[in-house]
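The figures that follow rest on heavy atoms only: side chains count, while hydrogens, waters and symmetry mates do not.
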Protein chains: 2
Amino acid sequence: MARLEERTPVQIGLIAESENISQKYLESILLTLRKSGFLGSKKGKGGGYYLLKDPKDIKMSGVMRILEGPIAMVPCVSLNFYEKCDDCPDENACAVHNLMIEVRDSTLNIFNNTSLADLIS
Amino acid sequence: MARLEERTPVQIGLIAESENISQKYLESILLTLRKSGFLGSKKGKGGGYYLLKDPKDIKMSGVMRILEGPIAMVPCVSLNFYEKCDDCPDENACAVHNLMIEVRDSTLNIFNNTSLADLIS
DNA sequence: TATTACCCTATCGGATAACTAGGCTATTGT
DNA sequence: ACAATAGCCTAGTTATCCGATAGGGTAATA
């Protein structure tokens, strides 16, 4: 969709065919993206999905979180999906904790500075 | 173990207790580390596990690969656990591929430049 | 020679995620 | 109006992985 100049609706079937995946499976992915505000949709004949924003304004960090879940390698350093480790008495005393934060930040830095437009160029 | 000055064997039971995990489970982890060359072991009374190298010379990238598997987010950009994507006709044509390589390299850079000694300080 | 402590294999159960299936509903063009 | 189109929704299946467990074996040491 991002490769198209115009912002006209694209049917699920067309994308499924060109990407070699099942139509139904793609449907669930596109539905997720619509619910999270990345895509709009149009029903009926001539309908389909379309991008709501300019590809330049879509950061990969947002897309990744929706489609892949947490960016952090471990839940205890995740910003959006934080979870405490079961048997960890003190995160600050954990030797691995700070290292994981460092990795998270460097990954996040890349995703935040890459747009959908960057990807297709 | 890295925190100890001397390189004397430490018993599984002691570590299991101080880390609040089952002795058997810890055993399987230590066994993995021994087989991959990070730890040595001594049997019989007074035995246990000990580091084979100086903590300064143990890079976290090596430890991570043994305990956590691939560092890359997707197999198709993994250096040590490479796998081709099923329905991908051309990796170079994949929009996500280069992004994932970038992330892999930045993560690897951190793990390569962090030693076990860095972690405990 | 008994005890200690590591060695090895098999397996279980829960969670996750890719993927599928089937039917419903809203929109559109004629 | 109405029939075809195309998205909407929920549930479920299947496969795989991983944390964790169990139990018995073997080598080394005091």
Check every strand shown and say whether A/Gly13 touches a base, only sugar-phosphate, or nothing at a heavy-atom separation below 4.0 Å.
-> nothing
Rounded interatomic separation in angstrom, taking CG from B/Leu31 and P from D/dT26 | 16 Å
Assess whether one donor atom and one acceptor atom, taken from the side chain of B/Lys24 and the base of D/dG24, lie less than 3.5 Å apart.
-> yes
Interatomic distance, B/Arg34 atom CZ to B/Tyr49 atom OH [nearest 0.5 angstrom] | 6.0 Å
Inter-residue atom distance A/Leu33.CG - A/Leu39.CG, 0.5 Å rounding | 5.0 Å
Atom-pair distance (CG on A/Leu14; P on D/dG7), nearest Å | 9 Å
For C/dC6, take OP1 and OP2 only and decide whether either is under 4.0 Å from a side-chain N or O of B/Tyr50.
-> no
Give a yes or no on whether a donor-acceptor pair under 3.5 Å exists between the nucleobase atoms of C/dC7, that is its base, and the side chain of B/Glu27.
-> yes
Length of the line joining A/Gln11:CD and D/dC8:P, which is rounded to integer Å = 13 Å
Return yes if some donor-acceptor pair links the side-chain N/O of B/Arg7 with the main-chain N/O of B/Lys53 below 3.5 Å, else return no.
-> yes
What distance separates A/Arg65 CZ from A/Phe81 CZ, expressed to the nearest 0.5 Å?
-> 7.0 Å
Between A/Lys35 and A/Gly46, just flag the one whose closest nucleotide in DNA chain D comes earlier from the 5' side.
-> A/Gly46
So NZ of B/Lys24 and CG of B/Leu26: to nearest 0.5 Å the spacing works out to 11.5 Å
With nearest nucleotides of DNA chain C determined for A/Gly44 and A/Ser28 from heavy-atom distances, which residue corresponds to the more 5′ nucleotide?
-> A/Ser28
Would you mind reading off the distance between A/Glu17 atom CD and D/dA6 atom P, rounded to a whole angstrom?
-> 13 Å
Which listed nucleotide (C/dC19, D/dT21, C/dC7) is nearest to the side chain of B/Tyr25?
-> D/dT21
Is any side-chain nitrogen or oxygen of B/Arg34 closer than 4.0 Å to OP1 or OP2 of C/dA5?
-> no
Whole-Å distance between D/dA3 P and A/Lys45 NZ?
-> 14 Å
Between C/dA18 (P) and A/Glu68 (CD): distance, integer Å | 7 Å
Any idea which of C/dT28, C/dC6, D/dG7 is nearest the A/Ser41 side chain?
-> D/dG7
For the pair made of CD1 in B/Ile12 and C1' in C/dC7, what is the distance, rounded to whole Å?
-> 9 Å
May I ask you to evaluate whether A/Ser22 reaches the phosphate of C/dC19, defined as a side-chain N or O under 4.0 Å from OP1 or OP2?
-> no
Rounded to the Å, how far apart are B/Lys43 NZ and C/dA5 C1'?
-> 9 Å
When we call it a touch if two heavy atoms are under 4.0 Å apart, what does A/Ile21 touch: a base, just sugar-phosphate, or nothing?
-> nothing
